[in-house]
Amino acid sequence: RRSTFDSAAQYINVTGPHAFSPPGPNDMRGPCPGLNSLANHNFIPHTGIVSLTAAIDASFNVYGMAIDFANFAGILGYLYGGNLATLDLEYSIGGPPPGTILSGLFGKPPGLSFTHNQFEADSSATRGDYFQFNHNGYDLQLSAFTELYNLQQDSANPNYDLDVLLPHRLTRYQQSVAENEYFFYGPVQMLFSSVTHFFIPGLMSNHSAEFPDGILSNEVLASIYGISSDPSTGALSYTRGYERIPDNWYRRPIGGGYSAVNLAADLARMAVYNPQLVVVGGNINGVNTFAPLDITAFTGGVYNSAMLLEGNNTACFVLQTAQQLLPAALQEVEGLVAGLLQQLDEALGGMLSELTCPQMLGVDASMLEQYPGY
Ligand code: HEM
Ligand SMILES: *[C@@H]1O[C@H](CO)[C@@H](O)[C@H](O)[C@H]1NC(C)=O
Ligand SMILES: *[C@@H]1O[C@H](CO)[C@@H](O)[C@H](O)[C@H]1NC(C)=O
Ligand SMILES: *[C@@H]1O[C@H](CO)[C@@H](O)[C@H](O)[C@H]1NC(C)=O
């Protein structure tokens, strides 16, 4: 499919009310460079305490995430990061909001920074694994960013497209297997940590008439990640919370938001690039003990590992598994959030409806218990 470019519609104006303004000491910032940058430009509240609808709208309008996808991410953010006791439909994009001493049934709302294995997952593009960095899975690790950045430093025309991100994804996966004894790469975690790699070219690229499908340069990548480079030495440094949308940046085409169809295509390319990356499982007994999940048993025979290498099957499998597992994981609060679970299910259903998937009735979630990281 060919993209078209509409300069006026795709231009993101970051002057005036949306000029960059770094976070103050009480403003929340966390694991997501997209949300951090949206807060720094006042597309969502600068405090980093965001409503469900604002997170969804800004992801859709500014970064061009398709609406079902944005609903899925936005609702999950609230269900895991928010305050389910008050149902205020707000959550922190970083750590727990200051001054919330909420105890009782659901404890303190964690914010997105503390949603390990629920939303925040191992083998992220630039964030450390929870069990390796003192339970800090939300800050950028400069070593990981630098590994990515080095992949295009010698290129005549730097562009962090999927062909560049896939080797980085493999490196990050191999590091987790070799360094994190609790590495868990379950179906949902594989989905989240892969899709956030895909978001880098998918949502951060700059679009133009010449490159309607977008180009992601060194400067744009560094800016949206809060990285600056020393003009004389080229040394990179990270300033926590300084994620910035550059001037003269143009989003994805209107109506061409990153959707389940893009996800399916990117996952299929990942499977071809290296089939290991779609093998879900985790370390079972220390580092370098990655044991694959038996997909046939897990899905009651609907899928097997060979099938995942074909067409849209990986996307079907992980989205269907998410649809099975996420409501179950949130069951204890179902009475309170039934409406939201319904919306989550609809968002996933909307995504799945864009693909033609085998029928899957259920998964054997107990099989995940063999993984200590789970
Ligand atoms: C409702 C909206 C959103 C929510 C709730 C959300 C939440 C999150 C969370 C929890 C993570 C950590 C996942 C992990 O550890 O792998 C993450 C990572 C990420 N998000 Fe978002 N996100 C949203 C929108 C966006 C948008 C609009 C972008 C656009 C650029 C984006 C780009 C990314 C990227 C690139 C990462 C990977 C970070 C890294 O490891 O380098 N997200 N997001
Ligand atoms: C960008 O926003 C500023 C401030 O609101 C406005 O003055 C300017 O005309 C806008 N630029 C474009 C190209 O729309
Ligand atoms: C985006 O591309 C246009 C056209 O090539 C260019 O003028 C603009 O400077 C680019 N923006 C960024 C942030 O690189
Ligand atoms: C994957 O899904 C897309 C969107 O429905 C469809 O166009 C494409 O043909 C599918 N690919 C395969 C190999 O089934």
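All residue numbers refer to positions in the sequence shown, counting from 1. Only a predicted model underlies this, so the values are computations on that prediction, with no experimental measurement involved. Every number for a ligand or one of its atoms is a count from 1 in the order of the listing.
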Would you tabulate the side-chain donor-acceptor contacts of residues 298-310 under 3.5 Å, counting partners in other chains and residues two or more places apart, or write 'none'?
from	atom 1	to	atom 2	distance (Å)
Thr299	OG1	Ile295	O	2.8
Thr299	OG1	Val302	N	3.4
Thr299	OG1	Tyr303	N	3.1
Thr299	OG1	Tyr303	O	3.4
Tyr303	OH	Gln320	OE1	2.5
Asn304	OD1	Ala306	N	3.1
Asn304	OD1	Met307	N	2.9

Under 3.5 Å: N/O of Ile56 near N/O of ligand 1: no
Is Ala125 in polar range of ligand 1, meaning some N or O pair under 3.5 Å apart? yes
Using the salt bridge (Lys or Arg N to Asp or Glu O under 4.0 Å) criterion, which residues pair with Asp163? Sequence neighbours excluded. Arg269
Return the orientation label for the Tyr149 and Tyr160 ring planes: parallel under 30°, perpendicular over 60°, tilted otherwise. parallel
In this structure, is the centre-to-centre distance between the rings of [Y] and [X] below 6.0 Å?
X: Tyr173; Y: Tyr185; answer: yes
X: Phe5; Y: His207; answer: no
X: Phe184; Y: Phe131; answer: no

Hey, are the side chains of Arg169 and Ser123 touching, using non-hydrogen atoms and a 4.5 Å cut-off? yes
Using non-hydrogen atoms of the residue, decide whether [X] is closer than 4.0 angstrom to ligand 1.
X: Tyr130; result: no
X: Tyr138; result: no
X: Pro33; result: yes

Atom pairs and distances, ligand 2 N/O vs protein N/O under 3.5 Å:
from	atom 1	to	atom 2	distance (Å)
ligand 2	2 (O)	Asn13	OD1	3.3
ligand 2	2 (O)	Asn13	ND2	2.3
ligand 2	2 (O)	Thr15	OG1	3.3
ligand 2	11 (N)	Asn13	ND2	2.9

With heavy atoms under 4.0 Å as the rule, classify the contact between [X] and ligand 1 as side chain, backbone, both or neither.
X: Leu76; value: neither
X: Met204; value: side chain
X: Phe198; value: neither

Given Leu191, Thr126, Leu203, which has its nearest heavy atom closest to atom 30 (C) of ligand 1? Leu203
The one among Gly77, Ser59, Cys32 that brings a heavy atom closest to atom 31 (C) of ligand 1: Cys32
Salt bridge or not between Arg127 and Asp139? Use side-chain N to carboxylate O under 4.0 Å. no
Arg252: what forms a side-chain hydrogen bond (donor to acceptor under 3.5 Å, both in side chains) with it, not counting sequence neighbours? none
Between Glu354 and ligand 4, which part of the residue brings a heavy atom under 4.0 Å of the ligand: side chain, backbone, both or neither? backbone
Take Gln189 and Asp122, measure what side chain to side chain donor-acceptor pair (under 3.5 Å) needs, and give me the verdict at the end. CA-CA 7 Å; Gln189 291 70 27; Asp122 291 335; over 6 Å; no
